[in-house]
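Report on the structure given below.
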Amino acid sequence: MTIAMRKGMLPRILDLSPLILLAGLTIVFGSLDPRVVSGQSLINIVSQATPVAVLALGAMIVLLTGGIDLSAGIGVAFCAVLVASLIDMGTGLAGALAIGLCAMLLVGLANGLVIALLRIPPFVTTLASMVALQGATLAVASKGVLVVREPVLKFVGVERSFGLPHVIFATVIIVLLAMVLMRRSRFGLRTYALGSDPAAAELAGIPVARHTILVYAASGLFAFLTAVIMISRVPVVTPNIGGTSLLLDAIAAAVLGGTSIFGGRGTVWGAVVGALIVSLLTTALRIFGTDPSSLELYKGAIIMLALLADAAMTHAKARLMEIAR
């Protein structure tokens, strides 16, 4: 094999690293305990990955621009409680979903406006938004626990066809639409350009401030979709639904799927594979009898390893480009 061929193959292998990691973990966990790779267990892993995958898509879009949205996880909880409360008050499902969507779009737009126009860092802006949403969630959830009995939501989240929960099919549709959005639309192309080189993007005529606002609005949209998926899967809604744990899983999924925290690199399919990795890890640890209080410790360690791997991958690709020249 020539040196040129090796230089061409290595970047491809690096791009496929999320799939390689998923396959490797599946083999290792399956060898340790065959229950992890049983048919029903695999279906459960995919089903449990659906809300993480959808929220990870929003995280990926924001990370592509070099930003971060810390309010997304609490935003899911706020939206879920808001929709459940509206349904409990007698508002129809369509009306409750419309209000929930508008609320999350407004949250995203507010984050984007502060970041783009006031130049306040995304970390600070979305942290403040997270605290505000946490308070709003507790205020809306005055009844504490709500049970959502909606046939449409039950059909999407619980019922099955061909042995698979409908929520998997719904998530596949969302993922396909996200692929079109990021690869075939002006929004996606501008997002990649903005993350790769903001100065060059501005020189190319891209309205950086306006697009930044749209990016955070998109994060709000995916938080809304995640909330709908969660209340359809588990009809018992509390203020603790979603939250920082879900956000941690989503960011881990995005980074494990190859999204760079430095911006400019990431794919929809990678975020989905990352969500499957997180779900596989969580399921395997539970089957192995790991203390539930230790799960977050393992997830935090995985994120740290993923960040280190991301930095190493970025350096390796840059080095390959220099050698190629």
Side-chain angles (χ1 to χ4, degrees), residues 39-58 72-108 133 136-178 180-181 218-243 245-247 249-250 272 275-276 279 282-283:
Q40 188 57 50
S41 178
L42 291 177
I43 292 175
N44 290 338
I45 288 171
V46 176
S47 179
Q48 292 170 10
T50 53
V52 178
V54 175
L55 193 61
L57 294 178
I74 299 298
V76 172
F78 169 72
C79 185
V81 169
L82 176 62
V83 171
S85 298
L86 289 170
I87 293 174
D88 186 66
M89 292 167 55
T91 306
L93 177 62
L97 292 178
I99 294 173
L101 173 60
C102 290
M104 293 315 301
L105 288 177
L106 286 174
V107 170
L133 282 172
T137 302
L138 294 175
V140 173
S142 57
K143 292 187 178 180
V145 178
L146 294 168
V147 179
V148 180
R149 295 184 178 89
E150 273 291 334
V152 175
L153 292 177
K154 181 180 179 182
F155 176 81
V156 173
V158 179
E159 295 184 10
R160 299 187 174 208
S161 292
F162 310 106
L164 298 176
H166 291 164
V167 69
I168 295 178
F169 299 112
T171 303
V172 168
I173 293 173
I174 294 173
V175 169
L176 292 176
L177 292 175
V180 174
L181 176 69
S219 178
L221 170 63
F222 282 101
F224 163 75
L225 293 173
T226 305
V228 174
I229 287 176
M230 292 200 73
I231 62 178
S232 67
R233 292 185 67 244
V234 183
V236 179
V237 179
T238 70
N240 296 324
I241 190 172
S245 177
L246 180 62
L247 175 66
D249 286 350
V272 174
L276 291 173
S279 181
T282 303
T283 301

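- Annotation for Ala72 and Leu55: closest pair CB-CD1, 4.0 Å, computed over non-hydrogen atoms.
- Remark: Ile74 CD1 to Cys79 SG distance equals 13.0 Å, nearest 0.5 Å.
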Set out, in order, the CA-CA distance, both residues' side-chain angles and the distance that settles side-chain contact (heavy atoms from CB on, under 4.5 Å) for Thr283 and Gln48, then state yes or no. CA-CA 9 Å; Thr283 301; Gln48 292 170 10; 3.3 Å; yes
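- Between Ala103 and Phe78, the closest heavy-atom pair is CB-CE2, 4.1 Å.
- The minimum heavy-atom distance linking Ala80 with Ile241 is given by the pair CB-CG2, 3.9 Å.
- When all heavy atoms of Val167 and Gly157 are compared, the pair lying nearest together is CB-CA, 4.1 Å.
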Go through the steps to decide whether Ile87 and Val83 satisfy the test side-chain contact (heavy atoms from CB on, under 4.5 Å), and finish with yes or no. CA-CA 6 Å; Ile87 293 174; Val83 171; 3.9 Å; yes
Side-chain donor/acceptor pairs under 3.5 Å, residues 231-240, sequence neighbours excluded:
| residue | atom | partner | partner atom | Å |
| --- | --- | --- | --- | --- |
| Ser232 | OG | Val228 | O | 3.2 |
| Ser232 | OG | Ile229 | O | 2.7 |
| Thr238 | OG1 | Asn240 | N | 3.3 |

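- Summarising the geometry, atom CG belonging to Leu42 is positioned 12.5 Å from atom OG belonging to Ser47; distances are rounded to the nearest 0.5 Å.
- For Phe155, the ring-ring contact (aromatic ring centres under 6.0 Å, His included) test picks out His166, with sequence neighbours left out.
- The two residues Ala170 and Val156 have their closest heavy-atom pair at CB-CG1, 4.2 Å.
- Atom CG of residue Leu105 and atom CZ of residue Phe224 lie 8.5 Å apart, to the nearest 0.5 angstrom.
- Here Ile173 contributes atom CD1 and Leu225 contributes atom CG; the two are 11.5 Å apart, rounded to the nearest 0.5 Å.
- The closest side-chain heavy-atom distance from Ile43 to Arg160 is below 4.5 Å.
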Could you go step by step and tell me if Phe222 and Met104 meet the side-chain contact (heavy atoms from CB on, under 4.5 Å) rule? CA-CA 9 Å; Phe222 282 101; Met104 293 315 301; over 6 Å; no
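- Taking CG from Asp88 and CG from Leu146, the interatomic distance works out to 5.0 Å, rounded to the nearest 0.5 Å.
- The shortest heavy-atom contact between Ala84 and Val148 is CB-CG2, 3.6 Å.
- From Ile45, atom CD1 reaches atom OG of Ser41 across 4.0 Å, with rounding to the nearest 0.5 Å.
- Without hydrogens or angle criteria, Ser279 side chain to Ala275 main chain gives no donor-acceptor distance under 3.5 Å.
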